[in-house]
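Since this is a predicted model, take the numbers as computed values, not measurements. So that the names make sense, note that chain A is the first sequence line, chain B the second, and so on, each numbered from 1.
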Number of protein chains: 2
Amino acid sequence: MENLKTKILSYTKIDDAVLESEMKNYRRIVLQKGETLLEPGHVATHMYYLEKGCISYHKEEEGEIKVLEFYTEDVYFTDLLSYVNQTLSKYYLKALEPCVVLAVDKKGLEKSFSNSHQLERFGRLSMQEAFTKLLSRVERMSIRSNEERYLRLVEKRPDLFQRVPNYLIASYLGITPVGLSKLRKRLSKV
Amino acid sequence: MENLKTKILSYTKIDDAVLESEMKNYRRIVLQKGETLLEPGHVATHMYYLEKGCISYHKEEEGEIKVLEFYTEDVYFTDLLSYVNQTLSKYYLKALEPCVVLAVDKKGLEKSFSNSHQLERFGRLSMQEAFTKLLSRVERMSIRSNEERYLRLVEKRPDLFQRVPNYLIASYLGITPVGLSKLRKRLSKV
DNA sequence: TCAATTTATTAAACCAGTTTAATGAATTTG
DNA sequence: CAAATTCATTAAACTGGTTTAATAAATTGA
C-alpha cells in the first residue's frame with residue numbers, strides 16, 4: 001500500500017492514525033488480462049487505485065469500441081458517471097494486462113470523508129486534479145489536430161504504444177485504425 | 001446572493017452562520033459586453049459565480065478563437081488550469097453580454113475550506129459535479145459526430161443560439177462557421 | 001509448432017469537413 | 001439614418017479523414 005499512501009499524502013497532510021485506519025477500507029483485487037471491474041448495466045460501487053497494470057475505460061456500440069481513457073499505474077479511477085449517482089453504467093472497465101487494483105467501497109469512502117476533514121480535503125484536491133487533467137484533455141480534443149494529438153500521445157505516454165493494441169489507441173484518438181495508419185505513414189514520409 | 005446560497009446548499013448542509021460569513025468573501029462585479037475577467041498572461045486569482053449573463057472561456061491563436069466553454073447563469077467558473085497552480089493563463093474569460101458576477105478570492109476560499117469541514121465538503125462535491133459534466137462532454141466529443149453534437153446543443157442549450165454569435169458556437173463544436181452552415185443546410189433538407 | 005485468430009497495413013472510392021473568396025444580411029456606431 | 005463593420009451563407013477546389021475489402025503480420029492456443 002506504500003504507493004497509495006504516498007499518493008494520498010501528496011495532496012495534503014493526513015495524521016498517521018487516520019491514514020492507517022483508512023488503508024483498512026481498501027482490498028486488493030488481482031485481474032487477469034481481459035477481466036472486467038465494471039460492465040454496462042452495472043453500478044460502479046467502488047473507487048479504484050491502480051497498483052499495477054493497464055485498464056481501459058470504454059464503451060461498445062454496434063460492435064465498435066470507443067475508448068475514453070487508459071489508466072496506468074498509480075492513478076485513481078472508476079466510472080464516476082455511475083459512481084456519483086449510483087446509476088447504471090454504460091461503460092467497461094477492463095484489464096488490458098494482468099492488473100493489481102486496490103478497491104474502496106463508496107459507502108466506506110463517504111464515511112471516511114465525513115469523519116475526517118483531512119480526508120475530505122484529500123477528496124476535494126484529488127477531484128480538482130482529475131478535473132484539471134480532463135480539462136487539458138478537452139483543450140487538446142477541441143483545439144488540436146489529430147496529428148498533434150497523436151504526436152503528443154507518443155511524447156507523453158510512449159508506454160501505451162507498447163502495452164495497448166493500435167486499434168484502441170486509434171479509438172482513443174477518435175479516428176479509425178485505417179486513419180491512424182495513414183497518419184503515421186504521412187508523418188514518416190516527412 | 002440568494003441564488004448562490006441555494007446553489008451551495010444544494011450540495012450539502014451548511015450552518016447558517018458559516019454560510020452567512022462565507023457570503024462576506026464574495027464581491028459583486030458588473031461587466032459590460034466585451035469586458036474580460038481574465039486575459040492570457042494573467043493569473044486566475046478568483047473563483048467566480050455567474051449571477052447573470054454569459055461568459056466565454058476561450059483561447060485566441062493566430063487570430064482564431066477557440067471556445068472551450070460557455071458559462072451561463074448560476075454556475076461557478078474560472079480558468080482552473082491557472083487558478084489551481086497560480087500559473088499564467090492562456091485563456092480569456094470574456095463577457096458575451098452584460099454580466100453580473102460574484103467573485104471570491106482563492107486565498108479566502110482556501111481559508112474557508114480549511115476552517116470548515118462543511119465548506120470543504122461543498123468544495124469536493126461541486127468539483128465532483130464539474131468533473132462528471134466535463135466527462136460527459138469528453139464522451140460526446142470522442143464518440144459523437146459533429147451532427148449529433150450540434151443537435152444535442154440545440155436541444156440542451158437552445159438559449160445559446162439566441163445569445164451567442166454563430167461563429168463562436170461553431171468554434172465550440174470544433175468546426176468552422178462554413179462547416180456549421182453546411183451542416184445546418186444538410187439537416188434542413190432531410 | 002502450426003493452425004486459427006486477431007491486428008495492422010494498404011488500396012480505392014467516397015464524403016464531411018476545410019480554405020479561400022465573394023456576396024448578402026445584420027448589427028454597431030458616428 | 002447612413003456608413004462601417006461584423007457576421008452568415010454560398011460556391012468551388014481541396015484534404016484528411018471514412019468505409020469496405022484484401023492482404024500481410026503478429027499473436028494465441030491446441
Side-chain angles (χ1 to χ4, degrees), chain A residues 31-35 54 56 58 60-67 70 92 94-98 140-154 158 160-190, chain B residues 31-35 54 56 58 60-67 70 92 94-98 140-154 158 160-190:
Chain A
L31 295 170
Q32 292 188 288
K33 181 172 175 173
E35 281 192 282
C54 184
S56 67
H58 73 267
E60 296 186 12
E61 287 187 334
E62 300 140 32
E64 258 196 312
I65 294 183
K66 307 284 196 166
V67 176
F70 297 114
Y92 289 88
K94 189 182 231 167
L96 298 178
E97 304 173 353
R140 290 194 297 280
M141 291 174 85
S142 45
I143 296 181
R144 307 301 164 191
S145 65
N146 288 337
E147 189 173 310
E148 285 175 290
R149 297 204 323 276
Y150 168 76
L151 289 172
R152 190 189 176 280
L153 197 64
V154 168
L160 284 184
F161 293 84
Q162 306 311 315
R163 56 209 297 195
V164 166
N166 233 303
Y167 72 97
L168 290 182
I169 289 185
S171 166
Y172 177 73
L173 290 170
I175 58 180
T176 61
V178 177
L180 179 55
S181 199
K182 286 178 86 172
L183 191 159
R184 281 176 142 149
K185 196 171 191 182
R186 181 157 36 85
L187 284 174
S188 73
K189 268 204 277 239
V190 185
Chain B
L31 295 170
Q32 292 189 287
K33 180 171 176 175
E35 282 192 279
C54 183
S56 68
H58 74 266
E60 296 186 12
E61 288 187 336
E62 297 138 34
E64 257 196 313
I65 294 184
K66 307 282 196 168
V67 176
F70 297 113
Y92 288 89
K94 187 180 230 166
L96 299 177
E97 305 173 353
R140 289 194 297 280
M141 292 174 84
S142 46
I143 296 182
R144 308 300 164 191
S145 64
N146 287 338
E147 188 173 312
E148 285 175 290
R149 297 205 322 277
Y150 168 75
L151 289 171
R152 190 189 176 280
L153 196 65
V154 169
L160 284 185
F161 294 83
Q162 307 310 316
R163 58 209 296 194
V164 166
N166 234 303
Y167 73 97
L168 290 182
I169 289 185
S171 166
Y172 178 73
L173 290 170
I175 57 181
T176 60
V178 177
L180 178 54
S181 199
K182 286 178 86 172
L183 191 161
R184 280 176 142 149
K185 195 170 192 184
R186 179 157 38 84
L187 284 174
S188 73
K189 267 204 277 243
V190 185

Exercise for review: Strictly below 4.0 Å, heavy-atom distances to any atom of DNA chain C: list the hits from residues 173-180 of chain B, or just say none.
Suggested key: B:I175, B:T176, B:V178, B:G179

Please report, rounded to the nearest Å, how far the [atom2] atom of [N] is from the [atom1] atom of [X].
X: B:Y167; N: C:dA25; atom1: OH; atom2: C1'; answer: 16 Å
X: A:Q162; N: C:dT7; atom1: CD; atom2: C1'; answer: 16 Å
X: B:R184; N: D:dA8; atom1: CZ; atom2: P; answer: 8 Å
X: B:R149; N: C:dA16; atom1: CZ; atom2: P; answer: 15 Å
X: B:L168; N: D:dT6; atom1: CG; atom2: P; answer: 14 Å
X: A:K185; N: D:dG16; atom1: NZ; atom2: C1'; answer: 15 Å
X: A:I65; N: C:dA8; atom1: CD1; atom2: P; answer: 12 Å
X: A:I169; N: C:dT7; atom1: CD1; atom2: C1'; answer: 13 Å

Can you give me the closest heavy-atom contact between [X] and [Y], atom names plus distance?
X: A:I169; Y: A:F161; result: CD1-CD2, 3.6 Å
X: B:G179; Y: B:I175; result: C-CD1, 4.0 Å
X: B:A95; Y: B:Q32; result: CB-O, 3.5 Å

Point to revise | Close side-chain approach of B:L153 to B:R149, heavy-atom, < 4.5 Å | key: no

Review point. If we only count heavy atoms from C-beta on, is the A:N146 to A:Y150 side-chain gap below 4.5 Å?
Key: no

Study note, to complete from the structure: Assert: residue with more 5' nearest nucleotide on DNA chain C, out of B:K33 and B:E64, is B:E64

Hey, is the side chain of [X] poking within less than 4.0 Å of OP1 or OP2 on [N], counting only N and O atoms?
X: B:N146; N: C:dG17; value: yes
X: B:N166; N: D:dC7; value: no
X: B:R186; N: C:dG17; value: yes

Review point. Is the side chain of B:E148 donor-acceptor paired with the backbone N or O of B:S145 at a distance under 3.5 Å, no angle test?
Key: yes

Check your understanding: Ignoring hydrogens and angles, does a donor from either the side chain of A:K182 or the base of D:dT18 sit under 3.5 Å from an acceptor on the other?
Key -> yes

Check your understanding: With a cut-off of 6.0 Å (strictly less than), are more than 12 heavy atoms of other residues, nucleotides or ligands near CD of A:E61?
Key -> yes

